[in-house]
Amino acid sequence: MADMQVREGRRSTQAEPRRERRRREGEAETLGMKLPVPDWVHEKYPPSQFEYYWFTGTPARLHQAHKNDWDRVEGEGTEIPGALDPEGKPVPHVLCVKYKDWYEQDRAPREAARREQEEQMRNGSVAGRGDDVSGEVLPSDVSYASPNNRLR
């Protein structure tokens with residue numbers, strides 16, 4: 001808490017403004033990331049060529065990641081303590097990398113579907129979604145929102 005100043009025998013009720021920065025130099029790159037990537041990983045796997053992801057270190061999850069072209073990064077700082085599994089044992093988070101072009105290829109169909117749905121929302125007609133695989137357009141007279149409530 002800021003120090004109170006004493007003036008003419010009375011305490012001032014105004015605290016001096018804090019002038020120290022909390023953010024440290026070099027934190028801008030990892031701002032908002034919950035699990036930072038070590039600097040040496042950025043040098044070995046440049047961000048312009050690779051995507052980074054922290055996977056839950058269960059054998060099943062790591063096997064699934066490996067099948068989806070994610071490679072485990074070996075070295076210091078690439079495995080950190082995580083949460084507990086259902087039996088109460090600690091499960092680490094493991095850093096993995098994937099080529100950026102592969103990542104973008106895998107992500108493209110989901111992005112296209114998301115963009116299509118957003119466009120339908122802007123136009124006011126949304127096709128079937130979720131468990132409805134028919135893709136039929138919902139009737140225009142069925143709506144859960146006012147016709148004036150549209151994305152712009």
Please tabulate, one pair per line, all N/O donor-acceptor pairs under 3.5 Å involving side-chain atoms of residues 72-84, not counting sequence neighbours.
from: R72; atom 1: NH2; to: E79; atom 2: OE1; distance (Å): 2.4
from: T78; atom 1: OG1; to: V73; atom 2: O; distance (Å): 3.0
from: T78; atom 1: OG1; to: G75; atom 2: O; distance (Å): 2.8

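- Salt bridge annotation for E119-R122: present, with a cationic side-chain nitrogen under 4.0 angstrom from a carboxylate oxygen.
- L35 and W54 make their closest contact through O-NE1, 2.9 Å (heavy atoms, listed as atom of the first residue, atom of the second, distance).
- Counting only N and O atoms by type, the side chains of R61 and Q64 include a donor and acceptor under 3.5 Å apart.
- Between Y52 and Y103 the shortest side-chain heavy-atom distance does not fall below 4.5 Å.
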Could you list the donor-acceptor pairs under 3.5 angstrom formed by side chains in residues 91-102, with sequence neighbours left out?
from: K98; atom 1: NZ; to: N68; atom 2: O; distance (Å): 3.0
from: K98; atom 1: NZ; to: D106; atom 2: OD2; distance (Å): 2.4
from: K100; atom 1: NZ; to: P47; atom 2: O; distance (Å): 3.4
from: K100; atom 1: NZ; to: E51; atom 2: OE2; distance (Å): 2.5

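- The pair E118-R114 counts as a salt bridge, with a side-chain nitrogen and a carboxylate oxygen less than 4.0 angstrom apart.
- When each of W40, W70, F50, Y53 is paired with Y45, the ring pair (Phe, Tyr, Trp, His ring centres under 6.0 Å) condition holds for F50 and for no other.
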